[in-house]
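Comments concern the structure below.
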There are 2 protein chains.
Amino acid sequence: MAVTLKDIAEKVGVTESTVSRVLNGIPKASEKTQKKIFKVAAELGYNPNQIARSLVTKETKTIGLIISDLANTYFARVASGIEKIASKYGYSLVISTTGGQENAELKYINLLQEKRVDGLLFASGKMPVSCRKLLIKSEIPTVVVAREVAEELPSVHIDNVKESYRAVEYLIKAGHTKIAMISGSAVDKESGAYRIQGYKKALNDNNLEIKEDLIVEGNFKLASGIRAMNKLLQINKNITAVFAASDEMGVGAIKAIKKAGLKVPHDISVIGFDNNIISLASEPELTTISQPEEKLGQQAMEMLYKVIKEQPLTAHKIYLPCQLIKRNSVQSII
Amino acid sequence: MAVTLKDIAEKVGVTESTVSRVLNGIPKASEKTQKKIFKVAAELGYNPNQIARSLVTKETKTIGLIISDLANTYFARVASGIEKIASKYGYSLVISTTGGQENAELKYINLLQEKRVDGLLFASGKMPVSCRKLLIKSEIPTVVVAREVAEELPSVHIDNVKESYRAVEYLIKAGHTKIAMISGSAVDKESGAYRIQGYKKALNDNNLEIKEDLIVEGNFKLASGIRAMNKLLQINKNITAVFAASDEMGVGAIKAIKKAGLKVPHDISVIGFDNNIISLASEPELTTISQPEEKLGQQAMEMLYKVIKEQPLTAHKIYLPCQLIKRNSVQSII
DNA sequence: AAACTTTAGTCAAGCGCTTGTCTTAAATTA
DNA sequence: TAATTTAAGACAAGCGCTTGACTAAAGTTT
């Protein structure tokens, strides 16, 4: 089987503890023995058993990531950002995907606790109370990323209200007054809901009337954008602009508008959200709000590292700014 | 600190071994004690220490994934497929990203070995000899996914030559004879190179001349597709179709063609590769070869599971078929 | 009733490391 | 030169669990 400290110790003629210390760079041996130990270790192809080490040190150098869906570009990028920083600090990442299902989330929190991860990152759906309780009880350092609700937990995210506000305000400043919205699923306290909130606030602050039938719900996907836009086109209240809560839906909207024989942005302007690569593929290219997914992940991991090292269980929140990317799908009408 | 078997044992009045057996469902206790043990375990909020268990069972229920880049849709989907099946079999996934760097790959193979993962999935760049050696020496069950080179190791991938051949053949059957190619980076034995091979073979088998200057290299990204197409347009040998080795480049090509005042597919037909969501966003929608990324991941994990359970170190290879997705970017000219 | 099985446990070793304490010989100091 | 410090290492316990071997009492068989 695998070679152990004992094997090295015997071959060199010292005890395990000496070998352990030397291999860990604790200076407790003569140059000679050190050399010998390193040499024998290399000869034997020694590969330390991190499991055994973890058992005594109570550190696994592993952090758990509970995430909704890896196949989703957005989450994949967040994960990517997390992984980079984790790796920088010498941590491995174990990833569990939940599809946003509460029971899966619960299950994985438990599992990761059994694995004794040093910390936990939560980037799944809206965090249910049950999860929060379990997390807090487990005492695992945790930070929540990319989700709005995290009362007792430190978290990093974007300000969906503010960023949506910015998108809609941009439309308003371009002279639009009949602005529709294609929202994502508007579940309470999730990004979809906050984006609607931002839309309404922008209208309100600019003395524009909020018409509920101009808000039609999609599911963030392209096809749903097409459907939603078609519905909007039927209602037709002379809208001149639409704010889509995702780029996929934005592109869908553009396609629907064009199919209806109208022109973007000449007849209707469209603005999206995410700055997905898809926004560059559409014709015209989609003006959008760019989210800092990678940075979100990086910041979250940096934060988690601090929590692990210093244990300040403060429910600290940080917001990362987005950027308005102007392209060709919005036209000024003043 | 955390509650252990010992704590439960003491409170119930039995030994640790009894508690362990009961909690693991090994029937070695009376109904009464069993009930009591479960009750006390729940009361105390017992959460088994998988580290300690792993130390003795030599199983971590963890598999390692070495992958090139999570932010890349393609790999993210492969990873997603892997995760699903891993989870089905009760394994966790620890992910390391390498950016295709050989030293990073080596480093992570070592790291994952230290963590005593039960198996390893390799989905990084072209696998260097050094990695293969290390992997084989480590004796960790390994399967390679989404990469063409894996001589001594079991692997699952698509047949890039064949699928590219199919794309080009489709163009030829539509009457095209002047077909250009926008290739990905053509590093030896990587997908980019194989796709070129498929392109050439298709031309060859159909008695069409291969002109090296009609193959221009991109890097799989959208912007490189635009650049490449512009170059092609300059050369201008009356090409009527182009095969792009990725959808991003395909969409880039379409944009370039349109910008040059020509029409797709009226003047030039374009076919892509991947079936990325981007292919649906472009105008016209891009005809392409659809890769089964998720399935690739799933199959690889299924395969790994078998290897772990049965240890047949056979260098088994499996190829998953792709699909030609016909949309509107290719026109028949006969 | 003696011999054998079962049941319900106990006991102890061991997985591969780390780490605090102790020991001995050499090096330094007064 | 005797006393003290330091260097180089040995010793042993322990992390939390699993598991094979053993035991004592109860139940079953003939």
Side-chain angles (χ1 to χ4, degrees), chain A residues 1-38 40-41 44-62 110-118 138-139, chain B residues 1-38 40-41 44-62 110-118 138-139:
Chain A
M1 281 293 296
V3 7
T4 70
L5 281 190
K6 204 174 157 193
D7 299 327
I8 301 178
E10 278 170 7
K11 195 150 179 187
V12 175
V14 292
T15 49
E16 286 177 61
S17 49
T18 302
V19 179
S20 168
R21 290 194 164 103
V22 167
L23 258 26
N24 285 308
I26 298 163
K28 267 260 188 164
S30 63
E31 289 271 315
K32 235 185 277 178
T33 10
Q34 293 198 28
K35 286 244 161 78
K36 218 161 154 191
I37 287 174
F38 281 120
V40 172
L44 262 36
Y46 176 67
N47 180 271
N49 186 326
Q50 176 67 43
I51 298 292
R53 166 180 293 163
S54 290
L55 188 57
V56 11
T57 62
K58 273 124 174 34
E59 258 201 329
T60 53
K61 280 297 178 186
T62 299
N110 250 307
L111 184 72
L112 292 169
Q113 192 185 352
E114 290 185 2
K115 297 227 151 135
R116 297 298 189 262
V117 293
D118 295 338
S138 77
E139 296 184 327
Chain B
M1 283 293 297
V3 6
T4 71
L5 281 190
K6 204 174 159 193
D7 299 327
I8 302 179
E10 278 170 7
K11 196 150 180 189
V12 175
V14 292
T15 48
E16 287 181 61
S17 46
T18 301
V19 178
S20 168
R21 290 193 164 101
V22 167
L23 257 25
N24 285 309
I26 297 164
K28 270 260 190 165
S30 64
E31 289 272 312
K32 235 183 280 179
T33 9
Q34 292 199 28
K35 287 243 161 80
K36 218 161 153 191
I37 288 174
F38 281 119
V40 172
L44 262 37
Y46 176 67
N47 180 271
N49 186 326
Q50 175 66 44
I51 297 293
R53 165 181 292 164
S54 290
L55 188 57
V56 14
T57 61
K58 275 130 173 29
E59 259 201 326
T60 53
K61 280 298 177 184
T62 299
N110 249 309
L111 184 72
L112 291 170
Q113 192 185 354
E114 290 184 2
K115 298 226 150 135
R116 297 298 188 260
V117 294
D118 295 338
S138 77
E139 296 183 329

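Just so we're on the same page: letters track the sequence lines, and every chain starts at 1.
- The bend of the helix from C/dA1-D/dT30 to C/dA30-D/dT1, defined by the angle between the axes of its first five and last five pairs, stands at 40° to the nearest 10°.
- Counted by atom type alone, B/Thr62 and A/Lys115 present one or more donor-acceptor pairs between their side chains at under 3.5 Å.
- From A/Gln50, atom CD reaches atom CD of A/Glu59 across 8.5 Å, with rounding to the nearest 0.5 Å.
- Computed from coordinates, the B/Glu10 CD to D/dC17 P distance equals 13 Å when rounded to whole Å.
- Put simply, OG on B/Ser30 and CD1 on B/Ile37 are 8.5 Å apart, with the number rounded to the nearest 0.5 Å.
- Partners of A/Leu5 under the side-chain contact (heavy atoms from CB on, under 4.5 Å) rule, at least two apart in sequence or in another chain, are A/Glu16, A/Val19, A/Ser20, A/Leu23, A/Tyr46.
- Separation of atoms CZ (B/Arg116) and CD1 (B/Ile51) is listed at 12.5 Å; rounding is to 0.5 Å.
- Taking the side chain as every heavy atom from C-beta outward, B/Val14 and B/Thr33 approach each other to under 4.5 Å.
- One atom, NZ of B/Lys36, and another, C1' of C/dG9, lie 14 Å apart when rounded to the nearest Å.
- Closest of all the heavy-atom pairs between A/Gly45 and A/Val3 is O-CG1, 4.0 Å.
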Distances under 3.5 Å between protein N/O atoms and the N/O atoms of nucleotides 4-7 of chain D, please, pair by pair.
none

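- Here the P atom of nucleotide D/dG16 and the CD atom of A/Glu59 are 15 Å apart, to the nearest Å.
- Between B/Thr33 and C/dA8, a side-chain N or O to OP1/OP2 separation shorter than 4.0 Å is absent.
- A heavy atom closer than 4.0 Å to some atom of DNA chain D occurs in A/Ser17, A/Thr18, A/Arg21, these being the qualifying members of residues 17-25 of chain A.
- The phosphate of C/dT18 (OP1 or OP2) has no side-chain N or O of A/Lys58 nearer than 4.0 angstrom.
- Contact check of residues 44-57 of chain A against DNA chain D (heavy atom, cut-off under 4.0 Å) returns A/Leu55, A/Val56.
- Between the CG atom of A/Leu112 and the CG atom of B/Asn47 there is a distance of 10.5 Å, given to the nearest 0.5 Å.
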Inset, instruction - Just do the side chain to side chain contact (heavy atoms under 4.5 Å, CB included) check on A/Leu44 and A/Ile8 with the steps written out, would you? - result: CA-CA 8 Å; A/Leu44 262 36; A/Ile8 301 178; 4.3 Å; yes

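- Residues forming a side-chain contact (heavy atoms from CB on, under 4.5 Å) with A/Glu10 (at least two apart in sequence, or on another chain): A/Lys6.
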Legend entry - Working for side chain to side chain contact (heavy atoms under 4.5 Å, CB included), residues B/Leu55 and A/Arg53: CA-CA 10 Å; B/Leu55 188 57; A/Arg53 166 180 293 163; over 6 Å; no

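- Rounding to the nearest 0.5 Å places CD of A/Gln34 at 13.0 Å from CZ of A/Arg21.
- Look at NZ on A/Lys32: it is 11 Å from P on D/dA8, rounded to the nearest Å.
- Applying the 4.0 Å criterion to OP1 and OP2 of C/dC15, one finds that A/Lys6 has every side-chain N and O outside that range.
- Residue B/Ile8 contributes atom CD1, which lies 8 Å from atom P of D/dC17 at whole-angstrom precision.
- Between the B/Glu114 side chain and the A/Pro48 main chain, no donor and acceptor come within less than 3.5 Å of each other.
- A/Glu16 places its CD atom 10 Å from the P atom of C/dT18, with the value rounded to the nearest Å.
- Atom-to-atom, CG of A/Leu5 to P of C/dT19 comes out at 12 Å; the value is rounded to the nearest Å.
- Between D/dG16 and B/Thr4, no contact under 4.0 Å exists linking OP1 or OP2 to a side-chain N or O.
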